[in-house]
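Have a look at the structure below before the remarks.
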Amino acid sequence: KTFRNPDFRVFVGSDVLYWIGLTMFQTGLPFFVTSLLKLPENMAFIYFALMTAMSLVFYIPINIITKKVGKKNLVLFAFFTFAATYTYTLFLGDFLPIDPLIQGYILAIVAALPMAIFGILPQAMVADISQSDSILTGENREGMFYAARTFAFKLGQSISMLLFTAVATIGLNGMGYRIAAGIAAVFCLGGGVILFAFNEKKINEIINDAVEKEGK
């Protein structure tokens with residue numbers, strides 16, 4: 001019954017691709033730092049800590065902007081920003097005329113914004129889907145919607161680990177890691193394309209109509 005909801009199917013499809021792309025990036029980050037940027041391994045922790053801290057800074061403005069542009073539009077922006085970030089990762093190191101240390105900082109800061117968006121909005125989108133579905137069907141399956149999203153998360157992680165392991169050793173001089181970054185970019189791009197089919201307007205109308213009826 002949960003997967004009969006067409007918007008939830010769209011959401012889960014895009015979410016699986018997001019988790020594949022994100023996990024490949026997070027798994028590969030230490031290798032991007034040591035193999036592509038030729039920096040000490042401890043810099044991977046510094047970049048990840050910076051990325052996490054910056055994403056927390058973005059939480060408040062994201063909540064404000066969401067009210068103006070909607071959840072779907074911001075998540076689409078996050079998908080395509082992640083795809084651009086992973087594409088940038090393809091060229092880390094000697095391909096860019098920038099100090100490797102600075103290249104890493106750019107990567108961490110740019111990735112922080114979409115990471116913050118994905119840290120907040122997908123859960124809120126699941127809540128909206130669940131609420132609208134409950135209004136239409138008369139059945140509250142909120143727990144099942146969240147359980148299904150957890151399944152998508154686990155599935156995406158599992159596929160990601162298999163893919164990363166398969167491609168990481170291809171070629172020499174970190175070529176496998178560049179390929180992994182490119183694959184992650186493609187998955188994020190695909191997730192964004194799928195999400196275009198998500199009908200946020202219809203979901204909001206269902207919820208708003210129900211709220212108005214309760215008010216009357």
Side-chain angles (χ1 to χ4, degrees), residues 11-56 58 75 77-96 100-123 148-195:
F11 173 84
V12 168
S14 69
D15 205 41
V16 169
L17 298 187
Y18 158 69
W19 285 113
I20 294 173
L22 178 68
T23 306
M24 288 190 75
F25 175 74
Q26 291 180 334
T27 304
L29 185 59
F31 304 101
F32 301 151
V33 170
T34 58
S35 182
L36 303 185
L37 294 176
K38 304 292 192 299
L39 295 173
E41 191 173 348
N42 69 303
M43 286 304 301
F45 171 78
I46 293 173
Y47 289 143
F48 189 79
L50 174 63
M51 193 161 40
T52 304
M54 289 296 297
S55 69
L56 293 174
F58 287 130
V75 173
F77 170 78
F79 264 120
F80 297 127
T81 303
F82 258 145
T85 303
Y86 299 158
T87 302
Y88 165 76
T89 306
L90 271 169
F91 302 98
L92 289 179
D94 296 336
F95 289 96
L96 297 174
L101 192 67
I102 303 301
Q103 290 182 39
Y105 281 118
I106 293 172
L107 177 67
I109 293 170
V110 174
L113 179 56
M115 182 176 286
I117 293 171
F118 277 110
I120 302 172
L121 298 187
Q123 288 291 83
R149 202 219 167 188
T150 301
F151 170 75
F153 158 63
K154 296 294 185 183
L155 178 63
Q157 282 193 323
S158 300
I159 295 173
S160 171
M161 296 305 296
L162 289 172
L163 284 173
F164 187 84
T165 304
V167 304
T169 55
I170 295 176
L172 301 172
N173 300 320
M175 180 57 66
Y177 303 132
R178 297 187 193 278
I179 293 172
I183 292 173
V186 170
F187 274 113
C188 278
L189 190 63
V193 171
I194 290 174
L195 195 66

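For reference, positions follow the sequence shown, starting with 1.
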Atom pair [atom1] ([X]) and [atom2] ([Y]), whose distance is rounded to the nearest 0.5 Å:
X    : Y    : atom1 : atom2 : result
M24  : L163 : CE    : CG    : 5.0 Å
L101 : I106 : CG    : CD1   : 10.5 Å
T85  : F82  : OG1   : CZ    : 7.0 Å
W19  : L155 : CH2   : CG    : 12.5 Å
I179 : F164 : CD1   : CZ    : 11.5 Å
C188 : I183 : SG    : CD1   : 12.5 Å

So, the side chain of [X] versus the backbone of [Y]: is there a donor-acceptor pair under 3.5 Å, distance only?
X    : Y    : answer
T34  : E41  : no
R178 : L92  : yes
T27  : T23  : yes
S160 : I20  : yes
Y86  : V186 : no

Contact between [X] and [Y] at the side-chain level, heavy atoms closer than 4.5 Å - yes or no?
X    : Y    : result
F151 : V12  : no
F79  : L189 : no
F48  : L29  : yes
Q103 : Y88  : yes
M43  : L37  : no
Y18  : V75  : no
P122 : F11  : yes
Y105 : I46  : yes

Which of parallel (below 30°), tilted (30 to 60°) and perpendicular (above 60°) describes Y177 and F32?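 Because their plane-to-plane angle is over 60°, the rings of Y177 and F32 count as perpendicular.
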Heavy atoms only: give me the nearest [X]-[Y] pair and the separation to one decimal.
X    : Y    : answer
A78  : P114 : O-CB, 3.5 Å
F58  : I109 : CE1-O, 4.5 Å
L195 : S14  : CD1-OG, 3.6 Å
G21  : A184 : O-CB, 3.6 Å
G190 : L17  : C-CD1, 3.6 Å
S55  : A116 : O-CB, 3.2 Å

If you apply the rule side-chain contact (heavy atoms from CB on, under 4.5 Å), what do you find for M51 with L107, and how did you get there? CA-CA 9 Å; M51 193 161 40; L107 177 67; over 6 Å; no
From CA spacing to verdict: side-chain contact (heavy atoms from CB on, under 4.5 Å), M54, M115: CA-CA 9 Å; M54 289 296 297; M115 182 176 286; over 6 Å; no
Looking at [X], I want to see if its [atom1] is surrounded by more than 12 non-hydrogen atoms of other residues, nucleotides or ligands under 6.0 Å.
X    : atom1 : answer
N42  : CG    : yes
K38  : NZ    : yes
M175 : CE    : no

Any chance you could lay out the side-chain contact (heavy atoms from CB on, under 4.5 Å) test for Q26 and Q157, step after step, and finish with the verdict? CA-CA 11 Å; Q26 291 180 334; Q157 282 193 323; 5.9 Å; no
